[in-house]
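For reference, the structure is listed below as structure tokens.
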Number of protein chains: 2
Amino acid sequence: MSVVRKTKSVNTLTTIFNESTSALSVVNLVNRLKSQMNKTTVYRVLERLENDGMLHSFIGVDGLKWYAKCTEDEETHQNHTHPHFQCNDCGKVECLDVTITIPAIKNKQIESANFLITGQCENCK
Amino acid sequence: MSVVRKTKSVNTLTTIFNESTSALSVVNLVNRLKSQMNKTTVYRVLERLENDGMLHSFIGVDGLKWYAKCTEDEETHQNHTHPHFQCNDCGKVECLDVTITIPAIKNKQIESANFLITGQCENCK
DNA sequence: TTGATAATGCAACAAAGTTGCGTTAAATTT
DNA sequence: AAATTTAACGCAACTTTGTTGCATTATCAA
Ligand SMILES: [Mn+2]
Ligand SMILES: [Mn+2]
Ligand SMILES: [Zn+2]
Ligand SMILES: [Zn+2]
């Protein structure tokens with residue numbers, strides 16, 4: 001349990017992620033919350049929410065950090081290995097509910113996998 | 001043809017990649033070549049070598065940019081979609097010669113895919 | 001050897017993310 | 001309800017990665 005106090009910042013970010021269907025970049029959040037909280041706070045709250053299992057993070061094509069809400073299944077079973085999709089046209093990033101099977105790689109111990117698929121989303125293709 | 005002059009910097013970096021079996025991060029290259037060339041030059045030469053099809057790049061787990069030599073097959077057929085492996089213990093990054101099949105994702109047009117698998121390499125597991 | 005210009009060095013900059021520390025405000029105790 | 005504790009915050013300064021503009025250098029071909 002990383003978040004021990006329900007602060008205004010925690011509530012704001014929790015609400016944003018609960019109301020969003022897509023992933024959100026830290027840069028985006030820092031910008032739109034500029035008047036409400038400090039950028040350091042954004043980084044720290046997101047980190048805590050991830051530790052709590054509410055959010056998960058990944059790196060986008062541009063190298064920026066993105067966060068998305070975990071599904072109930074993920075929160076309980078820590079099954080966080082799903083691919084992400086980033087639209088090259090509108091920039092939207094989403095979690096994909098598909099399973100990608102990783103072949104066994106000889107002499108290597110696999111711990112986690114990050115899949116990032118890019119292309120055109122439903123609105124842009 | 002992006003590289004039109006065989007400069008000392010181009011030769012240095014070409015040799016490094018020809019002699020390396022693993023991928024190399026730009027940060028690493030900038031550091032070890034500090035006495036030989038400017039960091040701007042490192043960035044620019046790598047960009048040109050990638051445009052020429054000799055190297056390909058990808059983003060590591062840490063968000064840093066990595067480069068690796070393309071295989072002959074990749075140089076000719078532009079078949080650059082292979083996974084990469086990053087060792088969590090020693091930090092080594094390699095290209096993996098395995099095929100990962102991306103399932104069709106409805107309502108989305110897939111353009112490219114980045115796969116990054118992390119774990120322990122042969123030396124560290 | 002000379003001339004055109006691709007490539008480099010350098011310094012300044014931009015953007016993402018981190019750190020330290022004093023202050024504020026949640027939550028708990030009295 | 002007031003006092004206490006300390007998690008969380010704001011702010012400023014900093015670090016790191018990567019980029020840009022421009023003067024200078026060195027490659028290559030005429
Ligand atoms: Mn996701
Ligand atoms: Mn590769
Ligand atoms: Zn789109
Ligand atoms: Zn290793």
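Residue numbers begin at 1 in each chain, while the letters A, B, ... track the order of the sequences. Hydrogens, waters and symmetry mates play no part in the numbers below; they use all other heavy atoms, side chains included. Small disclaimer: the values here were computed from a predicted structure and weren't measured.
Ranked by how close their nearest DNA chain C nucleotide is to the 5' end, Arg44(B) and Val4(B) are led by Val4(B). For the pair Val27(B) and Lys6(B), both in contact range of DNA chain D, the more 5′-proximal nearest nucleotide belongs to Val27(B). Between Lys39(B) and Thr40(A), the residue whose closest nucleotide on DNA chain C is further toward the 5' end is Lys39(B).
Atom CG of Asp52(B) is separated from atom P of dA6(C) by 15 Å (rounded to the nearest Å). Residue Met37(B) contributes atom CE, which lies 16 Å from atom C1' of dC10(C) at whole-angstrom precision. Taking atom CD on Glu47(B) and atom C1' on dT8(C), their separation rounds to 14 Å, with Å as the unit. Taking atom CG of Leu46(B) as the reference point, atom P of dA7(C) lies 14 Å away to the nearest angstrom. Remark: P of dA7(C) and CG of Leu13(B) are 14 Å apart, rounded to the nearest angstrom. Taking atom CD of Gln36(B) as the reference point, atom C1' of dT8(C) lies 14 Å away to the nearest angstrom. In this structure, Lys8(A) atom NZ and dA27(C) atom C1' are separated by 18 Å, rounded to whole Å.
Mapping heavy-atom proximity under 4.0 Å, the span of DNA chain D touched by chain B runs 5' to 3' from dT17(D) to dC28(D).
For Phe115(A), the ring pair (Phe, Tyr, Trp, His ring centres under 6.0 Å) test picks out Phe115(B), with sequence neighbours left out.
At dA25(C), none of the side-chain N or O atoms of Arg5(A) fall inside 4.0 Å of OP1 or OP2 (strictly under the cut-off). Distances shown here put a side-chain N or O of Ser9(B) below 4.0 Å from the OP1 or OP2 atom of dT8(C).
Among dA11(C), dA16(C), dT19(C), the nucleotide with an atom closest to any side-chain atom of Leu64(A) is dA16(C). Checking dA11(C), dA7(C), dT8(C) against every side-chain atom of Thr41(B), the shortest atom distance belongs to dT8(C). The side chain of Asn38(B) approaches dG9(C) more closely than any other nucleotide in the set dA26(C), dG9(C), dT19(C).
Expressed to the nearest 0.5 Å, how far CD of Gln120(B) lies from NZ of Lys125(B) amounts to 9.5 Å. To the nearest 0.5 Å, the span separating CD1 on Ile100(B) from CD1 on Ile100(A) amounts to 7.0 Å. Separation of atoms CZ (Phe17(A)) and CE (Met54(A)) is listed at 7.5 Å; rounding is to 0.5 Å.
With hydrogens and angles ignored, the 3.5 Å screen pairs no side-chain donor or acceptor of Gln86(A) with any backbone N or O of Gly60(A). Using a distance-only test at 3.5 Å, with no hydrogens or angles considered, no donor-acceptor pair links the side chain of Ser20(B) to the main chain of Ile16(B).
Proximity of Ser25(B) to Val93(B): side-chain heavy atoms (C-beta onward) are nowhere separated by under 4.5 Å.
Using a 4.0 Å heavy-atom distance criterion, Val3(A) is classed as a sugar-phosphate-only contact. Nucleic acid contact class of Ser2(A) (heavy atoms, under 4.0 Å, all strands): sugar-phosphate only. Val30(B) comes within 4.0 angstrom of no nucleic acid atom, judged by non-hydrogen atoms across all strands. Looking at heavy-atom distances under 4.0 Å, Thr7(B) makes contact with sugar-phosphate atoms alone, never a base.
Looking at Glu122(A) and Lys92(A), a side-chain N of the basic residue comes within less than 4.0 Å of a carboxylate O on the acidic one, giving a salt bridge.
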